Amino acid sequence: MKKPKPNESISKTRLSKLLRTKKLGKTIYVFDELDSTQDYASSLPNNESLHGTIVIARKQNMGKGRIGRTWISPEGGLWMSIIIIPDFSISDIIFTQFIGSLAVADAVFENTKINCKLMWPNDILINGKKVCGILTDVNAENEIKKIVMGIGLNANIESPSINNYLTDDNLKATTLREEYGKDIDLVILINSILERMEYYYDSFLSCGNTLEIVDRWKEKSEMFGKKAIVYDGNQHVMGEIIDLDQNGAMLMKLSDTSIRKIMYYNNVSLH
Ligand code: BT5
C-alpha cells in the first residue's frame with residue numbers, strides 16, 4: 001500500500017478509518033485552511049451531539065493563543081480543536097487543559113520516544129522550547145455548556161518559519177521535525193492524541209480521578225523549584241513554584257514564606 005507523505009496525510013477518510021476512540025473524533029471536519037479552528041468550532045451551535053467533534057485545518061490564517069495572542073500556524077502543523085460537552089463543573093476546567101497536555105505528551109512519546117515537558121498551565125516543551133500550546137475556550141451562556149480545546153502542535157515544520165515571526169525574545173519555538181529529525185504521520189499522531197485524551201477524560205469523569213492527572217502532570221513538569229513572576233494587572237509578585245494542588249492550582253512560595261495559589265487564568269512567567 002502506498003504510504004501517504006506526512007505533509008499530505010491529514011485525510012478525513014484515513015483518519016475516520018484509523019480512529020478507535022468511542023466518542024472523540026466521531027465527527028471530523030478537515031479544511032485546507034481556516035482563520036482559526038477554534039473560532040470555527042466555537043461557532044457551531046451548542047448541542048449535545050457535538051461532543052467529540054474535531055475541527056482540523058492544514059493551515060490557519062489567524063490562529064489564536066490565549067488573551068488575544070497570535071498563534072503562528074503554517075502548513076505542516078497540527079492545528080485542531082476538540083469540542084467537549086462537559087459532564088463536570090466548569091470550575092474544573094483546568095483539568096481539560098491538563099488532559100490535553102498529557103494526551104499530547106503521551107502521543108509524542110508513543111510516536112517519537114521524545115519526552116516532552118509540561119509548563120503550567122498550557123505549554124508543552126522540548127529542550128526548553130515550546131512545541132505545542134493548548135487553548136481552552138468555554139461557552140457557558142447556554143444551558144448546554146461547551147468547551148473548545150485547541151491544540152497547536154508544531155509538527156512537520158522548519159522552526160524558523162515560526163521563530164522568525166515571534167516577537168517575544170524570551171520565547172523560542174521548536175518543531176517535531178527539528179527534534180525528531182524527520183516528519184511524522186499526522187493521522188497516526190491525531191489518533192494517538194485522541195486515544196490518550198479519551199483515556200484521561202474517562203478516568204477523570206468516571207472516578208473523579210484528578211489525583212492521577214495531577215500526579216502524571218507533576219511527573220512531566222520541570223517547573224518545581226523554579227522562580228516565577230505572576231502578573232496581576234500592573235502588579236506582580238515573585239516566588240518559587242513548589243507544588244500543584246489537587247484542584248490544579250499552582251502553589252508558589254513568596255519571599256515572606258507565605259504560600260500563594262495561582263489559578264490557570266493568571267499570567268505567569270518563569271525565570
Ligand atoms: C497558546 O497560547 O499556547 C495556545 C495556542 C493554541 C493554538 C491552537 S491551534 C488550533 C486552535 N485554533 C486556534 O486558533 N488556536 C488553537 P499562549 O500561551 O497565549 O501562547 C501564544 C504565544 O506563543 C504567542 O504570543 C507567541 O509568543 C508564541 N507562539 C505563537 N505561535 C507559536 C508556535 N507556532 N509555536 C510556539 N510558540 C508560538
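Given the structure is predicted, the values throughout are model-derived calculations rather than measurements. This chain uses plain numbering: 1 for the first residue, then up along the sequence. Heavy-atom basis, side chains included; hydrogens, waters and symmetry copies ignored. Each ligand, and each atom within it, is numbered from 1 in the order the structure gives.
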Which of the atoms in ligand 1, numbered in the order shown and given with their element, are less than 4.0 Å from a heavy-atom of G63? 14 (O)
Look at atom 29 (N) of ligand 1 and find which of L166, T174, V148 reaches it with the closest heavy atom. L166
Under a 3.5 Å distance rule, please check whether H236 uses its side chain to pair with a backbone N or O of V230 as donor and acceptor. no
Y201 to D87 - nearest heavy-atom pair and separation: OH-N, 4.0 Å
min-distance protein heavy atom vs atom 38 (C) of ligand 1 -> W71 CZ3, 3.4 Å
Side-chain ion pair, R14 and D185, N-O less than 4.0 Å: yes
Please state which part of R66 comes within less than 4.0 Å of ligand 1, counting heavy atoms only: side chain, backbone, both or neither. both
Ignoring hydrogens and angles, state whether a donor on the side chain of E179 or T174 is under 3.5 Å from an acceptor on the partner side chain. yes
I'd like to know if S81 contacts ligand 1, where contact means a heavy-atom distance under 4.0 Å to any ligand atom. yes
Would you give me the side-chain donor-acceptor pairs under 3.5 Å for residues 93-108, sequence neighbours excluded?
from	atom 1	to	atom 2	distance (Å)
T96	OG1	I93	O	2.5
Q97	OE1	T136	OG1	2.2
S101	OG	Q97	O	2.9
D106	OD1	R216	NH2	3.2
D106	OD2	R196	NE	2.9
D106	OD2	R196	NH2	3.0
D106	OD2	Y200	OH	2.6
D106	OD2	R216	NH2	3.4

Closest by any non-hydrogen atom to atom 35 (N) of ligand 1: pick that one out of N163, I157, N154. N154
For ligand 1, is any non-hydrogen atom under 4.0 Å from I134's backbone (N, CA, C, O), its side chain (CB onward), both, or neither? backbone
Side chains of Q38 and S81: is there a donor and an acceptor less than 3.5 Å apart? yes
K22/D202 salt bridge by N-O under 4.0 Å criterion: yes
What I want to know is whether I72 and ligand 1 share at least one N or O pair that is separated by under 3.5 angstrom. yes
Below the 3.5 angstrom mark, is there an N/O of K64, backbone or side chain, next to an N/O of ligand 1? yes
Quick one: look at Q60 and ligand 1, take heavy-atom pairs under 4.0 Å, and tell me if it's side chain, backbone, both or neither. side chain
Around atom 17 (P) of ligand 1, find the nearest protein heavy atom and jot down its residue, atom name and distance. R69 NH1, 3.4 Å
Out of N122, L135, I151, who is nearest to atom 1 (C) of ligand 1 when you count heavy atoms only? N122
For Q38, the ligand 1 atoms whose distance to one of its heavy atoms is below 4.0 Å: 11 (C), 12 (N), 13 (C), 14 (O)
Can you confirm whether the side chains of S42 and N139 place a donor and an acceptor under 3.5 Å from each other? no
